[in-house]
Every structure is written in C-alpha cells, then in structure tokens.
S.K.: 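Take this structure, written in structure tokens, and hold onto it; I'll ask about it next.
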There are 2 protein chains.
Amino acid sequence: MLEKIISQGLKATGRRMTRTRKAVLSLLERTHEPLSASEIFAQLQEDQVAIDLVTVYRTVNVLKDLGLVAQLDLHHEGQSRYELKEGRKHHHHIRCQVCGKIVDLLLCPLKKLTKLIEERTKFVVGDHTLEFTGFCPQCQ
Amino acid sequence: MLEKIISQGLKATGRRMTRTRKAVLSLLERTHEPLSASEIFAQLQEDQVAIDLVTVYRTVNVLKDLGLVAQLDLHHEGQSRYELKEGRKHHHHIRCQVCGKIVDLLLCPLKKLTKLIEERTKFVVGDHTLEFTGFCPQCQ
DNA sequence: CCTTTATTGCAAGTCTCTTGCAAGTAACAT
DNA sequence: ATGTTACTTGCAAGAGACTTGCAATAAAGG
C-alpha cells in the first residue's frame, strides 16, 4: 500500500506521517487527473477533511522533495498541478483549452533527442516539460 | 524594418504605434534571449526610457495578440517570457538551472507526433510547450 | 504517559499579473 | 496648424498563486 511506502520515505528524512498528509495522499491516489493546490484544498473540504490551503502547499512540496509527486506547469495555466509518480512511468499531458480536461499521453519522444541537444549546446540536459493543448472530443 | 510591419498590424486592429511600444519592440529586437516583463521594465529603465511595468505587460499582450511575440512559460519559473516571432521559425529552449541562461534549440520533434496523439486521444491538437532545463557549459 | 520536535493553522507578506480611471497623446479631419 | 476623438499611459488598487513567521497542536519514541 502506498501509505506504507511513503511513511518510510518520511521517516528516513526526519518527517512524520500525519492526518493531513494521509488525506492528500489518498486524494491523489484515487484521482486520475493532476490536481492543483486549490483543487486539492476544495476537494478535501468537500470530503469534510479539515485542512488549510497552506498545509496543502507544504504537503505537495514535501512529497515532491521525496520524489513521490511530480509538479506540472501546464501551458499558460498560471498554477502548478501535482500527480503521484509512484508506479507510473514518465509521461506527458494534453489539456482541453475549453473545459480544462487533462488526459495522459503515454509517450515521450525525447530520449533520443537528449544526445543531440547536448552535442549542439554543450549543456548537460536535465529535466523537460512537454505539454499540449487542444480541443477534447466534447468541446470540438 | 520591423517597426513598419508592426505599425501596420497595430493600425489594422485599431491600435496606435507609440513611444513605449517602440521602446519595447526595439529592446526585443536587439535582445537574443526571451525576456520577462520585469526584465524588459528594468532594461528600459536603464536605457532612460520612462515606462511603467503595467505598460510593459499591456504591450507584450498586444504584441502577442498580433501574433508577433511568443509567450513562453519555462519550467517552474513562475513568470512568462517573451520573444519576437518575426522572421524566426518555431523552436524551443533549454535553460540553465544554475545561472538561468537560455539557449534556443532549433528543432521540434513533434510534428509527426500530432497525428498519433489525435488518433489516441481524439483531441484536436493545438499548441504545445517543450522546454528543457540542464546545466550550461559554465555551470557544470 | 511524557517529552521532544515536526507539523499545522492563522495572519501577513511576496510576487506576478490585471483592472479602473483620470490624464496624456497619437491619428486623422478640418 | 489646430482641434477632436478615442486609444494609451501611469498610478493606485486588486486578484491569484504561493511563502513565511510564529504560537498552538500532535506525531513518535522512550
């Protein structure tokens, strides 16, 4: 179970598993779209979980530090979104410009590009962002 | 000259060429990295051009509306950057995580991907963001 | 159950970007 | 040139995402 794995990561870095961290984790675990901090906050309110928005921000940052959550900056959205990495492989997203629906793209065309970029720019390539926008089937 | 082309675009949309728009354009024209609003503001201050930060934001938005400037959201930067599109072909960037230096990548591996994504997701694919981070030659 | 110390909530602050409005000025007609 | 119109600007204020300081709370281990 995810909670156990994460408890260990927390303990290993001198942190604790708490009621609010469990709530955020369980929400991320059962949600299949990346969520923003305010969406996490709103959903937990609805679920009658007492939590402050500040704590949501602190929690996702802790989970990010542990490498358990990915922070996404979608195309001109002006806010970050978070999704669990646990058990999922590297992927990207497409977001509907009309309704905001986000769908996973289970592909990444960039592995072979890294070497080319490193040769051309002399950079050491680290991370990358690749996000698409478009119109989903319902909004076309 | 760029200013003339842009004057026409402005006029065609009921807008005017002004002292401040000329200043922003000329700065973007002679700068070879994408600039943020506050960088544009700071550089113009240094150049003794009287301009308000609000006007910088409004100006880049006008230029974006006209399709003359691209707005970039680099990886977790928390601010947008702007660069002239005029005369340049579609490209992406890599940014140094240490010093912030931004270099153009004159490539885009995504044309052939669009069809695949549309088939798989039933979305109509519009725009995309692709930005890399890494370590530049000086910061390795 | 107690102690230690991480975590939380609240208030306030920071940063990017936007909006309202009166004053300034570009563009065009007279 | 001068005047008129309406687009632009600057200033003040506001909105939204995210962070920080601090006292109160609550995990975790003894």
Side-chain angles (χ1 to χ4, degrees), chain A residues 3-4 6-25 27 34-45 48-66 68-82 100, chain B residues 3-4 6-25 27 34-45 48-66 68-82 100:
Chain A
E3 195 180 306
K4 210 160 252 175
I6 300 210
S7 268
Q8 292 170 3
L10 290 170
K11 192 189 289 185
T13 54
R15 285 184 263 233
R16 296 169 185 178
M17 176 57 86
T18 63
R19 186 183 56 79
T20 54
R21 285 178 183 164
K22 278 181 196 164
V24 172
L25 273 169
L27 175 59
L35 297 175
S36 67
S38 54
E39 286 171 348
I40 294 171
F41 177 66
Q43 183 59 53
L44 291 181
Q45 293 250 300
Q48 313 282 331
V49 176
I51 191 172
D52 194 275
L53 179 57
V54 173
T55 304
V56 173
Y57 278 109
R58 288 196 269 229
T59 300
V60 291
N61 281 326
V62 166
L63 296 175
K64 197 179 65 167
D65 283 355
L66 294 178
L68 298 166
V69 154
Q71 176 180 4
L72 316 174
D73 296 319
L74 304 190
H75 214 181
H76 300 183
E77 252 209 334
Q79 62 179 2
S80 291
R81 294 182 170 274
Y82 303 88
Chain B
E3 194 180 309
K4 210 160 251 175
I6 300 211
S7 269
Q8 293 170 3
L10 289 169
K11 192 190 288 183
T13 53
R15 286 184 262 232
R16 295 169 185 178
M17 178 56 88
T18 63
R19 186 182 57 77
T20 54
R21 286 179 182 164
K22 277 181 198 165
V24 172
L25 274 168
L27 175 58
L35 296 175
S36 67
S38 55
E39 286 171 350
I40 294 171
F41 176 66
Q43 184 59 53
L44 291 181
Q45 294 250 300
Q48 313 281 329
V49 176
I51 190 171
D52 193 275
L53 179 58
V54 173
T55 303
V56 173
Y57 279 108
R58 290 197 269 232
T59 301
V60 290
N61 281 326
V62 166
L63 296 175
K64 195 179 68 167
D65 284 353
L66 294 177
L68 299 166
V69 154
Q71 178 180 2
L72 317 175
D73 295 319
L74 304 190
H75 215 180
H76 300 181
E77 251 209 333
Q79 62 178 5
S80 291
R81 294 181 171 275
Y82 303 89

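Note that this is a predicted model, so its numbers are computed, not measured. Here is the naming used below: chain letters follow the sequence lines, and residue numbers restart at 1 for every chain.
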S.K.: Within the structure, does a side-chain N or O atom of A/K11 lie under 4.0 Å from either OP1 or OP2 of C/dA6?
M.R.: no
S.K.: Nearest whole Å is fine: how far is C/dT18 P from B/Y57 OH?
M.R.: 7 Å
S.K.: Per the atom types in the model, does the base of D/dG10 pair as donor or acceptor with the side chain of B/R58 at under 3.5 Å?
M.R.: yes
S.K.: Tell me, do B/I40 and B/I51 make a side-chain contact under 4.5 Å, heavy atoms counted?
M.R.: no
S.K.: Looking only at heavy atoms, what is the nearest atom pair of B/P34 and B/R81, with distance?
M.R.: O-NH1, 2.9 Å
S.K.: Establish, with yes or no, whether the OP1 or OP2 oxygen of D/dG10 is under 4.0 angstrom from a side-chain nitrogen or oxygen of B/T55.
M.R.: yes
S.K.: Between B/R16 and B/T18, does any side-chain donor sit less than 3.5 Å from a side-chain acceptor?
M.R.: no
S.K.: Which part of the nucleic acid, if any, lies within reach of B/R15 when heavy atoms closer than 4.0 Å are counted: base, sugar-phosphate only, or nothing?
M.R.: sugar-phosphate
S.K.: So, taking the atom named OG1 in B/T13 and the one named CG in B/D65, what distance separates them when rounded to the nearest 0.5 Å?
M.R.: 8.5 Å
S.K.: Can you tell me the distance, in whole Å, between the CD atom of A/E77 and the C1' atom of C/dC17?
M.R.: 16 Å
S.K.: Closer to the 5' end of DNA chain C via nearest nucleotide, is it A/V62 or A/V54?
M.R.: A/V62
S.K.: For the atom pair CG (A/L44) and CG (A/L27), what is the distance rounded to the nearest 0.5 Å?
M.R.: 5.0 Å
S.K.: For the backbone of B/H76 and the side chain of A/D73, can you confirm whether one donor and one acceptor N or O come within less than 3.5 Å of each other?
M.R.: yes
S.K.: By nearest heavy atom, map B/R19 and A/M17 onto DNA chain C; which one lands nearer the 5' end?
M.R.: A/M17
S.K.: Once you round it to whole Å, what is the distance between C1' of C/dC17 and CD1 of B/I40?
M.R.: 13 Å
S.K.: From CD of B/E39 over to C1' of C/dC17, roughly how many Å is that when rounded to an integer?
M.R.: 15 Å
S.K.: Is B/N61 near enough to C/dT18 that one of its side-chain N or O atoms lies under 4.0 angstrom from OP1 or OP2?
M.R.: yes
S.K.: Calculate, to the nearest 0.5 Å, the distance between atoms CD and CZ belonging to A/E3 and A/R21 respectively.
M.R.: 12.5 Å
S.K.: For B/V49 and B/A23, work out which heavy atoms get closest and say how close.
M.R.: CG1-CB, 3.8 Å
S.K.: Without decimals, in angstroms, what is the distance between B/R21 CZ and D/dT9 P?
M.R.: 5 Å
S.K.: Could you check how far CG of B/D52 sits from P of C/dG20, rounded to whole Å?
M.R.: 17 Å
S.K.: Within the structure shown, what part of the strands sits under 4.0 Å from B/S80 by heavy-atom distance: base, sugar-phosphate, or nothing?
M.R.: sugar-phosphate
S.K.: Tell me the interatomic distance from A/Q79, atom CD, to C/dT16, atom C1', rounded to whole angstroms.
M.R.: 14 Å
S.K.: For B/R16 and D/dT9, what is the distance between atoms CZ and P respectively, to the nearest whole Å?
M.R.: 11 Å
S.K.: DNA chain C in dot-bracket, Watson-Crick or G-U pairs under 3.5 Å, [ ] crossing, | other strand?
M.R.: ||||||||||||||||||||||||||||||
S.K.: Within the structure shown, what part of the strands sits under 4.0 Å from A/D73 by heavy-atom distance: base, sugar-phosphate, or nothing?
M.R.: nothing
S.K.: Looking across every strand, which nucleic acid part, if any, lies under 4.0 Å from B/L53 by heavy atom: base, sugar-phosphate, or nothing?
M.R.: nothing
S.K.: Check whether any side-chain nitrogen or oxygen of A/S38 sits under 4.0 Å from OP1 or OP2 of D/dG16, and answer yes or no.
M.R.: no
